[in-house]
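Quick notes on the structure that follows.
Chain identifiers are assigned alphabetically (A, B, ...) following the order of the sequence lines, protein sequences preceding nucleic acid strands; residue numbering begins at 1 within each chain. Since we're looking at a predicted model, the values are computed, not measured.
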Amino acid sequence: MRTIETDVLVIGTGFGAAAPALRLAAAGLCVVMVEKGPRIGVADFRQTQHPAYLLKYLKGLSGDGLSLTFAEALGGASGFYEMVSLRAPARAFAQRDDHGRPLWPVGLDRPALDPYYDRAEQMLEVEQVAPEDVPKSGLVFSLLMKNLGYSCDRARYAVRNCRGSGFCVTGCVFGAKRSLHLNYLPQAEAAGATIACGLEALSVEPTGDLPRTAAVTRVAALPRRWAVVCRHTAGGAYQRYLARLVVLAGGTVGTARLLLASRPYLSRLSPQVGRNIAFNGSVKVLGLLPPHFPAGDMFAGRSHPGMISYEFLASLGFTVFAVKPLPLQVVASARLRLDGDPREPAWWGEAHVDLMKRLRHRVIVLGTLGLTPPAARLTLDGSGNVALTLERLPALEQHYRTARRTVESILERNGCRLVHPEFIDHGGMPRGEPFYSSAHPVGSCRMGDAPDRAVSDAHGEVYGCPGLYVSDGSAIPTSLAVNTSLTILANAERIAAGILKRYGLREQSAA
Amino acid sequence: MSRVPVSPPVAVLLSRREAVRRLAVALVGAGAAACAPVRIALKAYPAEFSTDSGMVERTLRAFVLTVVPGADPEDPGPTRVFAERFHPFGPHRGFFAADLCRRTRQRFGEGRFDRLPAAERTWVVRRGLRQRGVVGRMYAGAVLLAQIAVYARIYDDARGSSLIDFDGGGHLPTPAGLTYPDAGRFLARPLTATGNPA
C-alpha cells in the first residue's frame, strides 16, 4: 500500500472542505484533498435528465419516512445545487434540546458567524436576485403571498448572468452558478493543495497513543499522528495518508460513515456519531392555478425561482418558497392526483397526462423548510452498509401537519385546486406518510459544548481526538429553515480560521 | 449539445427458467410465495417471450401508450427504458410482457396485449398494479419507467417532450418567456432589506 505524508488531509471537496483546504494551503501547509466522486467541471455538466447521468453524481439514502440526497463529485453538492445562499436566521442558533440545553455551542450564533458569512458570500459572489430576474413561477408565488397580505422576499444566490435554462440541478453548462469549481477549489490548487478524486476514505486511525489534548504548537512540530486508509474507486487499490491534521468534510452521511467505521480505532469517540440528524423538515405541496391567475413557467428560469417567504418563520418556524422540478423529478418522486378529478387511474393514463400537460404553466409547487428537531440516525452494519432511521417525534409530526396545512391554505385561498402527491420509492411504490425528502441533512457529528452530547467542540475538533476536525454539514447541530450550504461554508471558514489562529499561521498567498 | 452516452441495453433477456427462478426467490424474500407457486409463473411466461424480441417490443410499446396516452407511438425511446441499467427492471421485461399478455388472454380471450383497445389495456394494467408482492412492484416500476422515458425524454435531450410543452436541453427562454415585464405588480412586501432572514 502506497503511503503519502502531508501536513493536512481534507476528506471531501464540498462546502465543508473547500474553505479549510484553501485557507490552510494559503498559509503554506501541505494540503491534500481526497474526493470519493469523479473529477468534474463545468465542461462535464449536461442538460439531460437521463438517470444514468444523474446517478453518477447524486446519491441517495432512504429510511422509513425519510430520504436523503447528497452528491459525490468534485465540488460536492455545489455543482448540482441551485446555489441559494442564505444566512441562517438568528432563531436557528437559539434552538434547544428536550432538556432545554442549547444545541449550538455557547457563543456561536448569527452575529458570531456573520463575518464568516461575509467571507463566504464574497468568495461565491452572492447577491440578491434582481426583480427583473425573478422567473415567472417565483413571481406567481409572490403574488399568491401578496394576495393574502403575506410578505415575500427576493432570495440570494451565488449565480451570475443566469441564462434561465432551468437545468440548475444537472449542473450549469454556462458556469453561471458559482460552484466551488470556479472559486475555492482552483484557488486552493493555486495555493498548492492537491486534489485526488476517485478515492474513498475508509478509516481514520491514530498512529500511536493520542494525548488528551494537543499542546499549542507549530503544525510542523506536530507528529503525523493520523493515518487515513483510502481505496481507489476504480481498481480498488489502497493508499494510506499520514497527516498531522485531518479535516473531515465528506458530508453528513460520508463523515458519519467514516467515523462509525473508524470507531474501533478511536476509543474516545463520542457515542453521538451518526445521531442527531436534522434535515429542515421539508414539506411540498402542489396546486393548480385558477384560470384568472397569471401563468407560471415550470421549465424556464432558475430552479429555485427567486423568492422566499419568512412570513411564518417567527410564528411557526418555517420558510416557504416555490420549487421548479424538472419532469423527471416530478414523475420519479410522486404519484399525482388532482383534487376533484374522479377519473381512475389518477396517477397514470388520461387523467395524469391531462395534469402533466398543465404542469408547465398552471401548476405551482411550494415547499417549506423548517426548524425541525434532530430526529434521524445513521448506523453501520457489519458489512459497512449505512442504514438511516427516523424517529417520528411528536414535534416533527406536528410540524409536518402545520406546514402542510398552512401552505395548502395559501393555495386554496387563492382559488387553487390542490394536487395531492403520493411519494414513491425508486421502484415506483408508494411510501408511507408523512414522508420527508431532504438535501439538507446536518448534525450527524454535531458540534457542542459537552462530549456526551456532541462529537466535536465549538472549534470543530473531535472530542478526544486532537488534530481531527469536522467542518462540514455533519457539524451543524440543527435545522436552519433555509438552505444549508452557505452556513456550512461559513462555519468551515470559521473552523479554518480557528486552526490558523491555534497554530499561529497566517495566509500568505492572496485568496 | 453534448449527449449522455446511453447505457447499452442488457444484452439478452433472462431465460424463462432464470426469470422464474429469480421471481421465485424474490417471492420467497417478499414473504408472498404461498399464493404464487412457481408452476403458475412458468405458465405465465411462454417461451416465445424469450425468443421473440418483437413480441416483447410490441407489448411494451402498447404498455407505454397505455400509461401515457398521447406519447409518440413512433418514438423508440420509451421501450428502451425497460432495459436500462439504472433500474433493476431490465432482465424482467420479457416476463413482464408475458404477464401482460397472460392477463389479456384470461380476461379477453386474446393473447396480444398490443391489439387491445385502450380501455381494455388500461384494465389489464390496473389488474397488474393491484397484485401484491413482486408482481405489483414490477408493474409499478414499469409505469414509473414509462413516465420517465416519455415526460423527461431521456433519449432525446434536445427535443424535449412536446406532450407537456417541455423544450428539453439546449433551449434558452427569451426574456419575455423568462419573466413578466411588470415584476413589481407581483412582488409582495419584503420582510428584509437584503433577502437574508434576521
Side-chain angles (χ1 to χ4, degrees), chain A residues 46-53 55 86-90 128 131-136 139-140 142-143 145-146 150-156 163-165 167 294 297 299-301 308-311 313 319 326-328 330-332 345 348-350 353 356-357 359-361 424 427-429 482, chain B residues 1-7 66-70 84-88 122 125-126 129 136-137 140-148 151-155 157-158 161 163-173 177-180 183-192 194-198:
Chain A
R46 299 179 181 184
Q47 293 190 337
T48 178
Q49 298 170 85
H50 198 300
Y53 166 80
L55 292 172
L86 295 165
R87 302 186 184 201
Q128 188 177 26
E132 60 272 22
D133 291 332
V134 177
K136 286 182 177 177
L139 291 177
V140 166
S142 182
L143 187 57
M145 301 300 283
K146 182 180 183 181
Y150 295 145
S151 63
C152 200
D153 281 73
R154 286 178 287 118
R156 298 172 66 83
R163 308 285 291 276
S165 71
F167 278 82
D297 194 330
F299 305 143
I308 184 166
S309 175
Y310 304 122
E311 181 71 28
L313 185 57
T319 59
L326 289 166
L328 174 75
V330 173
V331 296
W348 57 276
E350 293 283 359
V353 170
M356 289 296 288
K357 285 180 176 175
L359 176 68
R360 177 164 188 171
H361 294 299
I424 56 175
M429 295 296 287
V482 294
Chain B
M1 179 84 196
S2 58
R3 300 292 172 83
V4 177
V6 173
S7 301
T66 308
V67 172
V68 190
E84 281 286 358
R85 288 180 176 168
F86 66 75
H87 193 281
T122 298
V125 175
R126 290 184 73 180
L129 282 164
R137 288 207 292 272
V143 170
L144 173 63
L145 289 172
Q147 291 178 332
I148 287 174
Y151 293 127
R153 196 68 180 227
I154 61 175
Y155 298 109
D157 301 319
S161 177
L163 187 65
I164 58 170
D165 194 23
F166 173 60
D167 300 324
H171 300 272
L172 292 175
L178 186 63
T179 189
Y180 287 106
R185 179 168 69 93
F186 294 80
L187 294 179
R189 156 186 63 90
L191 270 188
T192 75
T194 64
N196 276 317

Give, for atom [atom1] of [X] and atom [atom2] of [Y], the distance between the pair rounded to the nearest 0.5 Å.
X	Y	atom1	atom2	value
B:R185	A:L139	CZ	CG	9.0 Å
B:T192	A:D153	OG1	CG	3.5 Å
B:H87	A:L55	NE2	CG	11.0 Å
B:R189	A:M145	CZ	CE	9.0 Å
A:M356	B:I164	CE	CD1	4.5 Å
A:L359	B:F166	CG	CZ	10.0 Å

> Side chain, backbone, both or neither: which part of B:L129 has an atom under 4.5 Å from a heavy atom of chain A?
Replying inline: side chain

> Under a 4.5 Å heavy-atom cut-off, does chain A meet the side chain of B:V67, its backbone, both or neither?
Replying inline: both

Of the non-hydrogen atoms in [X] and [Y], which two are nearest, and what is the gap between them?
X	Y	result
A:V331	B:L144	O-CD1, 3.3 Å
A:A300	B:L178	C-CD1, 4.0 Å
A:H50	B:I154	CD2-O, 3.6 Å
A:K136	B:Y180	CG-CE1, 3.6 Å
A:S142	B:A188	OG-N, 2.9 Å
A:D297	B:G177	OD2-O, 3.8 Å

Name the option with the most non-hydrogen atom pairs under 4.5 Å to chain B; the candidates are [options].
options	answer
A:G164, A:G301, A:A332, A:S309	A:G164
A:H361, A:M429, A:K146	A:K146
A:E350, A:R154, A:K357, A:R360	A:R360
A:P135, A:G428, A:G349	A:G349

Chain B contact via [X] - side chain, backbone, both or neither, heavy atoms under 4.5 Å:
X	answer
A:V330	neither
A:R156	side chain
A:L86	both

Side-chain touch [X]/[Y], heavy atoms, less than 4.5 angstrom:
X	Y	value
A:W348	B:V125	yes
A:L328	B:I148	yes
B:D165	A:F299	no
A:V353	B:Y151	yes
B:P197	A:T319	no

Where the side chain of [X] meets the backbone of [Y], is there a donor-acceptor pair that is under 3.5 Å apart?
X	Y	answer
B:D157	A:T48	no
A:Y310	B:G195	yes
B:T179	A:V134	yes

> For B:H171 and A:Q47, does a side-chain donor sit closer than 3.5 Å to a side-chain acceptor?
Replying inline: no

>> Quick check on the interface: out of B:G141, B:A142, B:P173, B:G184, who has the most heavy-atom pairs with chain A under 4.5 Å?
In response: B:P173

